[in-house]
Amino acid sequence: MPDRRPILFCATGVTGIDGGIASANRNVLAALQAVGAETGRHVETLVLTETGGSAPGYRTFAGRRPAFVMAAVAGLLRSSLAVFDHVRLAMPILAMPPMLRPPVVICAHGSEGTWRLRPSSARAYAAAELVLCNSDYTLNRMRKHIERFNGVSCPLGLAPQFTPTSAPPPVSDEPMSLTAADGVERPLGGQVLMLAARMDAGEQEKGHRELLDILPDLAARYPEVQLVLVGSGSDLAALRAIAAASPAAAHAFLPGRVSVEDLDRLYRKAYAFTMPSRQEGFGLTYLEAMNQARPCLACHDDGGADVVVDGETGFLVRQPIDRTELLDIVSRLLADPALARRMGEAGWRRLNQHFTSTAHQARVAGFVRPLLQKDH
């Protein structure tokens with residue numbers, strides 16, 4: 001008799017929260033649903049952090065971890081495959097003999113598998129039948145920290161909430177205004193440098209401070225330059241204070257969290273996407289910028305280097321970030337609109353060749369499908 005037990009997906013968040021993991025989860029869930037439809041299985045999704053009513057097959061727990069763990073254990077006992085979006089959600093598998101649970105897949109996103117790796121997480125990765133690493137960078141780093149685990153590189157793709165562009169778009173001339181760090185509302189012009197990322201006081205490695213530091217020099221060279229730092233978090237107030245105290249406060253904009261629609265408008269207004277981050281396992285926001293054909297600035301020896309091709313779709317800077325190098329590279333982009341346009345168009349082509357939502361979903365489906373065909 002065919003195995004029609006459900007596929008279990010345990011996630012920190014999918015539709016009700018922001019962030020890269022939740023965005024990636026939308027593609028993972030779509031892939032699992034496609035595989036489920038192929039094999040006559042439904043997908044049972046358990047979401048730890050979201051609130052709201054429970055749709056069929058989609059349960060939320062509002063952060064109630066004990067209830068979530070109990071549901072996950074029950075789900076493991078009745079499922080044909082279990083996928084966890086984060087290793088810390090997969091801890092129940094360590095207490096279950098393999099013969100009592102289905103094949104397990106864990107998604108690995110970066111720091112939790114390398115420099116923030118816990119011993120229990122290493123054991124969970126080793127116990128899983130498959131670990132889907134979000135980039136070659138993440139996979140290679142994990143191999144240095146975990147003695148044995150079955151990991152593969154499964155690069156992410158553009159999140160489904162962003163509409164793919166049919167051709168490389170020019171910088172938008174749509175009027176849009178934001179309040180600058182000096183308190184004055186100003187229209188955005190044609191030389192917007194954009195960074196979209198969370199602002200976490202415990203990390204501070206996305207590049208916000210480095211860009212604010214060079215902004216006065218950039219403004220002296222290019223009076224029309226504007227820096228838009230989109231995002232929220234525990235570091236937002238401190239970054240706003242730094243921007244307000246800057247001689248280039250009139251050129252800095254920190255609007256906080258914005259809607260998906262306004263984020264898309266800002267990507268269209270951007271001249272370049274500048275996120276010299278040192279903490280990316282992959283970097284989904286680079287894809288969002290590439291969808292608008294914007295050149296990207298990222299770092300060597302980081303997951304962003306799996307996305308941004310140095311000298312072709314943007315530039316990579318070295319770690320630790322050298323102020324002079326960062327200033328020179330951003331200046332080079334601002335000084336040469338034709339170069340910025342060529343790089344943006346090359347990035348748009350790279351996105352459409354490798355990093356669409358469809359491509360990500362196909363990669364996930366291709367990796368999990370064989371696990372449903374195994375006797376376990």
Side-chain angles (χ1 to χ4, degrees), residues 7-13 19-25 27-28 31-32 48 65 68-69 72-73 75-76 79 81-157 200 202-203 205 277-284 298-307 319 360 363-372 374 376:
I7 298 170
L8 177 67
F9 183 36
C10 294
T12 51
I21 293 178
S23 291
N25 284 344
N27 280 332
V28 173
L32 297 179
L48 174 61
R65 188 171 288 270
F68 177 87
V69 171
V73 170
L76 282 164
S79 299
L81 174 71
V83 179
F84 294 87
D85 82 331
H86 196 284
V87 67
R88 300 310 300 171
L89 300 189
M91 291 299 109
I93 71 172
L94 296 178
M96 299 181 71
M99 69 284 297
L100 295 183
R101 62 166 177 78
V104 167
V105 177
I106 301 176
C107 300
H109 299 278
S111 63
E112 78 283 356
T114 53
W115 57 90
R116 294 177 182 168
L117 178 68
R118 302 179 186 180
S120 56
S121 297
R123 293 196 299 273
Y125 284 128
E129 277 65 33
L130 186 63
V131 178
L132 297 181
C133 302
N134 62 355
S135 65
D136 291 338
Y137 171 79
T138 295
L139 176 60
N140 291 332
R141 282 188 62 95
M142 289 181 68
R143 284 174 173 164
K144 296 177 182 178
H145 289 80
I146 304 173
E147 185 175 354
R148 286 186 299 273
F149 75 106
N150 184 27
V152 295
S153 177
C154 183
L156 306 185
D200 189 330
E203 295 177 345
E205 293 183 324
S277 175
R278 290 89 72 200
Q279 62 181 69
E280 302 305 306
F282 180 83
L284 273 172
C299 278
H300 289 287
D301 302 316
D302 181 81
D306 277 28
V307 185
Q319 300 188 48
H360 182 200
R363 284 191 282 270
V364 173
F367 282 123
V368 303
R369 194 178 288 115
L371 295 175
L372 289 167
K374 289 183 177 180
H376 195 79

Backbone N/O of [Y] and side chain of [X]: donor-acceptor pair under 3.5 Å:
X: E129; Y: V105; result: no
X: R123; Y: M91; result: no
X: N134; Y: C107; result: no
X: S121; Y: V87; result: no
X: H86; Y: H109; result: no

Rounded to the nearest 0.5 Å, what's the gap from [atom1] on [X] to [atom2] on [Y]? Could you check?
X: D85; Y: N25; atom1: CG; atom2: CG; answer: 4.0 Å
X: S135; Y: L156; atom1: OG; atom2: CG; answer: 8.0 Å
X: H360; Y: L284; atom1: NE2; atom2: CG; answer: 8.0 Å
X: R141; Y: L117; atom1: CZ; atom2: CG; answer: 10.5 Å
X: L139; Y: R143; atom1: CG; atom2: CZ; answer: 4.0 Å
X: C10; Y: I93; atom1: SG; atom2: CD1; answer: 10.5 Å

Taking every non-hydrogen atom, the tightest pair across [X] and [Y]:
X: C299; Y: A305; value: O-CB, 3.8 Å
X: L94; Y: S120; value: CD1-O, 3.6 Å
X: P92; Y: V73; value: CB-CG2, 3.8 Å
X: T138; Y: G281; value: OG1-O, 3.2 Å
X: A108; Y: V131; value: CB-CG1, 3.8 Å
X: A90; Y: I106; value: CB-CD1, 3.7 Å

Side chains of P103 and L130 in contact at under 4.5 Å (non-hydrogen atoms)
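Not in contact.
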Can you find a pair of side-chain heavy atoms, one from P102 and one from L8, that are under 4.5 Å apart?
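No, every pair of side-chain atoms sits at 4.5 Å or beyond.
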Is there a side chain to side chain contact (heavy atoms under 4.5 Å, CB included) between S111 and Q279 once you walk through the steps?
CA-CA 8 Å; S111 63; Q279 62 181 69; over 6 Å; no
Applying ring-ring contact (aromatic ring centres under 6.0 Å, His included), name anything that partners F282, two or more places apart in sequence or on another chain.
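Applying ring-ring contact (aromatic ring centres under 6.0 Å, His included) to F282 gives F355.
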What is the ring orientation for Y125 with F149, classed by angle as parallel under 30°, tilted 30 to 60°, or perpendicular over 60°?
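Y125 vs F149 ring planes: tilted.
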Residues in salt bridge (Lys or Arg N to Asp or Glu O under 4.0 Å) with R278, at least two apart?
E210
